Structures are given as structure tokens and as C-alpha cells.
Protein chains: 2
Amino acid sequence: MGNHNKEQSLTPSKNFILPFILLLLSRMSLHGYELIQKLQSLGFRTVDQGNLYRLLRKLEQDNLVCSEWETGGSGPAKRKYSITEAGIKYLEGYANQLESYQTMLDQFFKMYSSFLELYIPSFPKKDSIEKSSESKGRSINDSKE
Amino acid sequence: MGNHNKEQSLTPSKNFILPFILLLLSRMSLHGYELIQKLQSLGFRTVDQGNLYRLLRKLEQDNLVCSEWETGGSGPAKRKYSITEAGIKYLEGYANQLESYQTMLDQFFKMYSSFLELYIPSFPKKDSIEKSSESKGRSINDSKE
DNA sequence: GACTTATATGTGTAAAATACATATAGATGA
DNA sequence: TCATCTATATGTATTTTACACATATAAGTC
């Protein structure tokens, strides 16, 4: 079950980065290259170039995204990715799952904050922890895909 | 990158269930058996008995929890698990990571809600989605560990 | 013609998730 | 006493993920 002495890296990479990819593509068509940049600016620190392109191809095979070559710009041809109808459906399903996650996390922090009160009686009241969402723009994720 | 046609199972099992285990044990001592029940009531639908006991042993090896035999009750002796100091520290680290998760999720839903407005112009305004946390007690997680 | 940009694929390793089977042993009760 | 229940524990096999890094191709740019 893994070594609990080394740093925890809490990153269900594929599961976590995929919905963001679909979400981005649902709002704009992007080249793989742009997508990487967007993901990075969203907080995915390291995105492995090779694996991302591979994923995109897989998504296209599965008909969740589609692409067309875009020539004419500067540099070599770029593949412009868009989301498909199926991709949108899939994204919706993902959103439901993520919502469930959020619920679990809320549950966790609700318990955790009262846990803090147990161990650190002087701990500032609930709200500072319980809804720490919306918080500091920390960039966290170490997803490499 | 997995088959995108089958149902998504979005469950970083270990990473997700472990903080809950530590959290529960930080608030009360529990037998493995009770722990399973608690986890289930928290939304972890299926928790594999064998793997959970194995995990507990590992956590004890790593000194995040400790246990003592409890005889005298009904049935066979039970091992009563408690959290250790190190376990509490570890839980705190986990909480930080989960907080980051929450931030990412918030980010996702913020974007996602405006995505819905794009595709479904009549979609009810932001708040119903964006902070869907605290919501319905859905039981979601399929964690088997 | 070297260099940059963009896309793409190959390959390997380690860890994790998952799923079942099996074992042991005390307690309970017919 | 024998079957059953409860509780803990371990074995093991398969597949998927995560991660990392190397390499390839090809069109543009300077």
C-alpha cells in the first residue's frame, strides 16, 4: 500500500486532468501545444508532452474529441482539437463524479475542522478551514500527463 | 490511457480513503470491522475487507496508527486501532493536499458552470452549480480498499 | 542547413487498484 | 460437539496508472 514515510503525492492524474482537458476544449478549440500551456496555468505543474499528445489521440479514437489540421499559420501544421457531442456527454458524467468528490471533501473538512478543535483548542473557528475553497491560488498538481 | 467508453470510475482509492481512515481514528479508536462500517456510511460503497486489514497493518508498521487487543467483549478478540502522533502529523499533511484538491475542484466548477450557460442558455444561474458542495448525501465512491 | 515548433510514438518501470481465495481462531448456540 | 458467526489476517494474480525519458518526423524559420 505504498510507503507512508515518503511524501504523499495525492494526484489521480488521469482522472483529474482529463475533465479539465475536456472542459477547456468545450470552450475553445486548441492545439495540443496550447492545451499544455492552459493546463499549466490552471495549476498542473508538469504536463508531459508525449503523454499528453498520446492521450489526445486516444480521446480522438474514442470520439470524445476531434481534430483538423490547421495549416497556414506560422510554423508547422497544428492539429486543432475540439470536443464532440460524445465528449460533452462524457464531461457531464465527469462533472457529476467530481461533484461527488467535492461532497466527500466537504464532509472531510467538516470533520477535520472539529478535529482541529479537539487537538488545538485555540484553533480559529470553523469557517477558515471548512470552506477554504476559493482560496489562495496555489499551484498544486504534479500531474505529469 | 484507459478505455473511455466504459463508465468512469473516478476514485483515487488509497489517496482518498486513507485520510478518512486517519481522520476517523483521530476521533475514536475503532476495530477494523467498525472502521469498514464507518467508511461505508461515509460513502465508500465497497471496502474490501482483506485489503483494509492489510492497509491497517501497513499503517501500524509505519507507525501512523497503533493497536491493542481487546478481549472480553463478545466474539473473538478485536484489535483496537488508534492514531499516533505521527499519524496526526501525516493527516495534517493530507489535509493540505485535499485542500488543494478542493481548490482545483472549485476552479473546475467555476468554469464548468459558465460552460453550461454556453450550451444551455436557460441554465439556472451559477450558484446552484458552482457551490454544489454540502449537497445531497449521495454515496459515490467505489473504493475497494 | 542548423534550429525551432509541433506532433507523435516507443518503451520501461514501479506502484496502485482490484478482486478473490484462503487461513486461523475464539465465541456462540443448537 | 459440531456448525456457524465474527474478526482478523495473508496470499496472489491481473490490470491499470503514473511517470519518465528517448526518439522520430516534418514543416517552417533564420
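The shown structure was predicted, so the numbers you read here are calculated from the model rather than taken from an experiment. Letters go in sequence order (proteins before strands), and every chain restarts at 1.
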> Would A:Lys58 and A:Asp62 count as a salt bridge (Lys or Arg N to Asp or Glu O under 4.0 Å) if you check the C-alpha gap in whole Å, the side-chain angles of each, and the deciding distance to 0.1 Å?
Replying inline: CA-CA 6 Å; A:Lys58 182 64 168 59; A:Asp62 292 350; 2.9 Å; yes

>> Among residues at least two apart in sequence or on other chains, which ones pass side chain to side chain donor-acceptor pair (under 3.5 Å) with A:Gln37?
In response: none

> Once you round it to whole Å, what is the distance between P of D:dT6 and NZ of B:Lys80?
Replying inline: 22 Å

> Between B:Tyr53 and B:Tyr33, which heavy-atom pair has the shortest distance, and what is it?
Replying inline: OH-N, 3.5 Å

>> If you assign each of A:Gly75 and A:Arg57 to its closest nucleotide in DNA chain C, which residue comes earlier from the 5' end?
In response: A:Gly75

> With a 4.0 Å cut-off on heavy atoms, is B:Tyr53 in touch with a base, just the backbone sugar-phosphate, or nothing at all?
Replying inline: base

> When you check the phosphate oxygens OP1 and OP2 of C:dG10, does a side-chain N or O of A:Arg54 lie under 4.0 Å from one of them?
Replying inline: no

> Could you give the distance from OG (B:Ser29) to CD (B:Glu70), rounded to the nearest 0.5 Å?
Replying inline: 9.0 Å

>> Please pick, from D:dA9, C:dA6, D:dA20, the nucleotide with the shortest atom-to-atom distance to any side-chain atom of A:Asn51.
In response: D:dA20

> For DNA chain D, whose closest nucleotide is more 5', that of B:Tyr81 or that of B:Pro76?
Replying inline: B:Pro76

>> Whole angstroms only, please: what is the CZ-P distance between B:Phe16 and C:dT18?
In response: 13 Å

>> Please report the distance, rounded to the nearest Å, between CG in A:Asp48 and C1' in C:dT9.
In response: 12 Å

> Where does the angle between the aromatic ring planes of B:Tyr112 and B:Phe109 fall among parallel (under 30°), tilted (30 to 60°) and perpendicular (over 60°)?
Replying inline: perpendicular

> In whole angstrom, what separates A:Leu18's CG from D:dA18's P?
Replying inline: 10 Å

> What's the CZ-P distance between A:Arg79 and D:dA27, to the nearest Å?
Replying inline: 14 Å

> In whole Å, what is the span from the CG atom of A:Leu55 to the P atom of C:dG10?
Replying inline: 16 Å

> What is the distance, rounded to the nearest whole Å, between atom CH2 of A:Trp69 and atom P of C:dA6?
Replying inline: 12 Å

> Looking at the side chain of A:Tyr33, which of C:dA6, C:dA19, C:dA8 is the nearest nucleotide?
Replying inline: C:dA6

>> Classify B:Ser74 by what it touches in the nucleic acid, base, sugar-phosphate, or nothing, heavy-atom distance under 4.0 Å.
In response: sugar-phosphate

> When only distance counts, do a donor and an acceptor, one from the side chain of A:Gln49 and one from the base of C:dA6, lie under 3.5 Å apart?
Replying inline: no

>> Just the rounded figure in Å: distance from P of C:dT7 to CG of A:Leu56.
In response: 9 Å

